[in-house]
Number of protein chains: 2
Amino acid sequence: MKSNVTMKDIAKKLNVSSVTISKALNDKEGVSDELKEKIKDLADKMGYRYNTLAKSMKDGKSYNVCVIIPERYTGMTQSFYLKIYQSIAQILEEKGYYGIIHILPSDDEDNLKLPRIYHERRVDGFILLGQPKREYIELMQSIDMPLVFLDFYDENNNVDAVITDNFYGAYELTNYLIRQGHREIGYIGNLFSTSSIQDRFLGYYKSLLEHNIHLNQDYIISDRDERGVFIEFDLPKQLPSAFVCNCDQVAHLLIEKVRKSGYEVPKDCSVVGFDNDIYATLTTPNLTTVEVHIEEMAKNAVKFICEKMDDASATFGRVAVKGKIIYRDSVQKIK
Amino acid sequence: MKSNVTMKDIAKKLNVSSVTISKALNDKEGVSDELKEKIKDLADKMGYRYNTLAKSMKDGKSYNVCVIIPERYTGMTQSFYLKIYQSIAQILEEKGYYGIIHILPSDDEDNLKLPRIYHERRVDGFILLGQPKREYIELMQSIDMPLVFLDFYDENNNVDAVITDNFYGAYELTNYLIRQGHREIGYIGNLFSTSSIQDRFLGYYKSLLEHNIHLNQDYIISDRDERGVFIEFDLPKQLPSAFVCNCDQVAHLLIEKVRKSGYEVPKDCSVVGFDNDIYATLTTPNLTTVEVHIEEMAKNAVKFICEKMDDASATFGRVAVKGKIIYRDSVQKIK
DNA sequence: CTGAAAGCGCTTACAG
DNA sequence: CTGAAAGCGCTTACAG
């Protein structure tokens with residue numbers, strides 16, 4: 001099992017050149033099938049392991065794609081980031097690349113420090129998973145490497161981004177509430193915190209507009225500050241019959257609050273969330289929410305980054321991947 | 001910003017050899033300070049990035065350490081794995097290594113398939129984070145690469161493992177309950193599922209023994225099957241005054257169950273958890289539990305793997321890192 | 001079908 | 001203090 005076996009070692013035993021070994025092991029033209037077989041067998045027997053570092057150097061490619069996740073997201077939506085990373089890594093592997101997670105420390109984000117992997121040329125492209133601050137985005141764009149945004153976008157329109165269709169998801173969810181007879185519908189979320197929250201709000205708003213429902217400002221409630229930290233909020237004096245929450249976690253908090261005020265969910269007040277994360281089934285009642293299509297998002301992100309690594313001029317723009325409404329018990333039909 | 005600048009390019013501009021560039025950039029002996037400065041400046045100006053792949057090849061080392069996490073853990077204890085990975089990666093970086101996560105698909109675990117990174121010689125050592133099945137452990141041991149177990153161990157005693165001090169943590173927690181006046185104390189957990197659960201049970205048991213409290217088998221309740229999937233369980237006919245749970249998540253489930261039976265926590269029944277994960281503060285009342293010392297565990301694991309990469313014969317055995325009891329509101333003093 | 005030569009970007013060991 | 005030579009393990013382009 002000792003494994004410093006090289007192609008040369010195999011070549012020597014077979015009295016051929018290492019070029020022939022290379023060809024055989026890579027299933028290239030120019031080696032007789034017989035010899036090819038023999039080489040492969042012997043390679044197995046000798047415990048040969050292909051040294052991709054050598055190939056990397058020859059090609060001038062690392063075959064690594066770095067997935068950058070700003071630190072502050074790693075506590076939050078829990079398994080989402082790990083799950084989507086898993087998907088990404090798996091698809092990358094099929095294409096011969098490695099995925100490498102880099103959790104971006106908040107300090108490095110503030111000091112505009114790029115990951116070491118960049119400075120050491122061990123990466124061919126970046127997937128930015130989760131929105132860092134603007135200056136960091138600009139930095140990432142300035143280094144002129146293949147780059148794809150995942151799960152957020154920037155108003156800057158020369159970037160490629162894969163996002164959940166937040167707008168459409170919230171729109172559909174609100175339509176559903178209205179079909180269930182609701183007319184007084186609130187929205188929970190800081191509209192200026194992230195593009196996701198803003199777009200979800202706009203989807204909600206579009207649904208109201210289409211149904212001729214007035215947008216009541218008292219029903220729009222901020223849940224976090226602009227850095228994304230949750231803040232205390234009050235319920236409106238008069239409770240609407242339903243709330244659209246920008247995420248499941250805040251739906252969870254809202255339901256606790258509503259309950260403490262002496263109301264029941266969904267009897268007195270319906271609630272819908274977004275994300276279908278752990279909070280969706282942790283909350284009583286379980287939340288009606290939107291499930292993000294993780295695999296589809298990963299697949300797109302990988303496709304984009306791979307094509308950009310092959311052809312630096314490739315562009316894709318913004319792609320929104322549709323989610324799926326999961327109906328559970330947090331909405332009550334009213335008349 | 002174009003970056004195919006090599007040492008040779010810098011050398012040419014300065015009319016020196018690339019050996020000199022290498023020495024200067026690596027702060028080695030044998031270059032005048034003057035020239036060193038000049039080289040560094042020019043390197044910066046030209047946007048030079050060190051190519052570590054070349055060094056890797058020269059050294060015959062990848063400078064990568066792969067952290068393997070069995071897939072089934074990635075859904076579970078949520079942020080724990082990502083957090084400890086973050087710690088690991090950071091400490092590895094200080095030592096000049098890269099951390100690479102490999103989420104081990106259950107299929108690969110069953111089929112005893114090693115990660116591609118191994119076959120392609122892109123890794124110098126493995127940290128196994130979370131317990132895979134025995135055959136996979138044996139496979140990992142057979143390939144003769146530096147290997148450290150993290151957060152679990154195996155009865156096999158020739159392995160190096162870093163774990164939380166489950167035994168001591170549960171022991172202390174139970175002592176605390178007894179100090180609060182409890183004598184009837186149950187334990188929730190399948191004793192045959194993982195070494196952690198078993199050790200926590202034994203710590204609990206030791207505390208009972210030391211206080212001359214009889215172990216009542218009716219109070220030992222299994223919470224999951226042997227593959228770790230949660231199962232339904234019933235409360236004992238007569239409720240003890242307190243429960244030690246093998247983890248916060250099951251403490252959460254237990255409290256719901258107790259409440260549904262018409263009892264209050266902690267008034268009628270005290271509960272303690274383990275892990276201090278998201279469930280600890282999600283549950284009402286917030287849980288008294290043990291916080292795992294993530295950084296200390298990461299630090300040890302990295303220290304071990306690095307020393308083993310330097311010296312294959314180094315061994316460390318099993319190291320248990322003490323956790324810390326977090327006192328919250330789920331325990332009531334009784335007399 | 002097979003292989004000698006050159007090169008990927010760096011470093012080490014040696015000579016000057 | 002400085003550099004020519006050789007080598008890490010592979011592949012490409014070319015010649016036979």
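Here is how names work: the chains are called A, B, and so on, in the same order as the sequence lines, proteins then strands, and each is numbered from 1. We use all heavy atoms of the structure for the numbers below, so side chains are in, but hydrogens, waters and symmetry mates are not.
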List the atom pairs, donor and acceptor, that lie under 3.5 Å between side-chain atoms in residues 20-29 of chain A and the rest of the protein, sequence neighbours left out.
residue : atom : partner : partner atom : Å
A:Asn26 : ND2  : A:Ser22 : O            : 2.9
A:Asp27 : OD1  : A:Lys40 : NZ           : 3.0
A:Asp27 : OD2  : A:Lys40 : NZ           : 3.3

Could you list the donor-acceptor pairs under 3.5 angstrom formed between side-chain atoms of residues 90-103 of chain B and any protein atom two or more places apart in sequence or on another chain?
residue : atom : partner  : partner atom : Å
B:Tyr97 : OH   : B:Lys61  : NZ           : 2.7
B:Tyr98 : OH   : A:Arg116 : O            : 3.4
B:Tyr98 : OH   : A:Ile117 : N            : 3.4
B:Tyr98 : OH   : A:Glu120 : OE1          : 2.9

Anything under 3.5 Å between a donor and an acceptor, one on a side chain of residues 130-139 of chain A, the other on a protein residue two or more places apart or in another chain? List them.
residue  : atom : partner  : partner atom : Å
A:Lys133 : NZ   : A:Asp110 : OD1          : 3.4
A:Arg134 : NH2  : A:Glu155 : OE2          : 2.9
A:Tyr136 : OH   : A:Lys113 : O            : 2.8

Which donor-acceptor pairs under 3.5 Å do the side chains of residues 304-314 of chain A make with protein atoms, sequence neighbours left out?
residue  : atom : partner  : partner atom : Å
A:Lys308 : NZ   : A:Leu147 : O            : 3.2
A:Lys308 : NZ   : A:Asp160 : OD2          : 2.4
A:Asp311 : OD1  : A:Ser313 : N            : 3.0
A:Asp311 : OD1  : A:Ser313 : OG           : 2.8
A:Asp311 : OD2  : A:Ser313 : OG           : 3.4

Please walk me through it: do B:Glu295 and B:Ser87 pass side chain to side chain donor-acceptor pair (under 3.5 Å)? CA-CA 6 Å; B:Glu295 270 155 59; B:Ser87 244; 4.9 Å; no
Verify side chain to side chain contact (heavy atoms under 4.5 Å, CB included) between B:Phe316 and B:Val148, making sure each step is shown before the conclusion. CA-CA 9 Å; B:Phe316 301 90; B:Val148 170; over 6 Å; no
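The stretch residues 26-45 of chain B touches DNA chain C through B:Asn26, B:Lys28, each having a heavy atom within less than 4.0 Å of the strand. A heavy-atom distance below 4.0 Å to DNA chain C is reached by these residues of residues 14-24 of chain B, ordered by number: B:Val19, B:Ser22. Non-hydrogen atoms lying under 4.0 Å from DNA chain C are contributed by B:Tyr50, B:Asn51, B:Ala54, B:Lys58, all within residues 50-64 of chain B.
Here the CG-CG distance, from B:Leu150 to B:Leu128, works out to 9.0 Å after rounding to the nearest 0.5 Å. Note that the CD1 atom of A:Ile84 and the CD1 atom of A:Ile294 stand 6.0 Å from one another [nearest 0.5 Å].
Whole-Å rounding puts the B:Asp124 CG to D:dC8 P distance at 18 Å. Rounding to whole angstrom units, CZ of residue B:Arg49 and C1' of C:dC10 are separated by 16 Å. Rounded to an integer number of Å, the gap from A:Lys8 NZ to D:dT11 P is 14 Å. Straight-line distance from the CE atom of B:Met46 to the P atom of C:dG9: 13 Å, rounded to whole Å. What separates CG of B:Asn4 from P of C:dC10 is a distance of 11 Å, to the nearest Å.
Not counting sequence neighbours, the partners of A:Asp59 by the salt bridge (charged side-chain N to carboxylate O under 4.0 Å, His left out) test are A:Lys55. For A:Ser32, the side chain to side chain contact (heavy atoms under 4.5 Å, CB included) partners are A:Glu34, A:Leu35, not counting sequence neighbours. With sequence neighbours left out, the side chain to side chain contact (heavy atoms under 4.5 Å, CB included) criterion links A:Ser196 to A:Asn166, A:Thr194, A:Arg200. Looking at residues two or more places apart in sequence or on another chain, you find a side chain to side chain donor-acceptor pair (under 3.5 Å) between B:Lys322 and B:Asp165.
Below 30°, between 30° and 60°, or above 60°: for A:Phe152 and A:Phe149 the angle between ring planes is below 30°, a parallel geometry.
Where pairing requires Watson-Crick or G-U contacts shorter than 3.5 Å, the helical stems of DNA chain C with at least three consecutive pairs are C:1-3 with D:14-16, C:5-12 with D:5-12, C:14-16 with D:1-3.
Under 4.0 angstrom from either OP1 or OP2 of C:dC10 there lies at least one side-chain N or O belonging to B:Tyr48.
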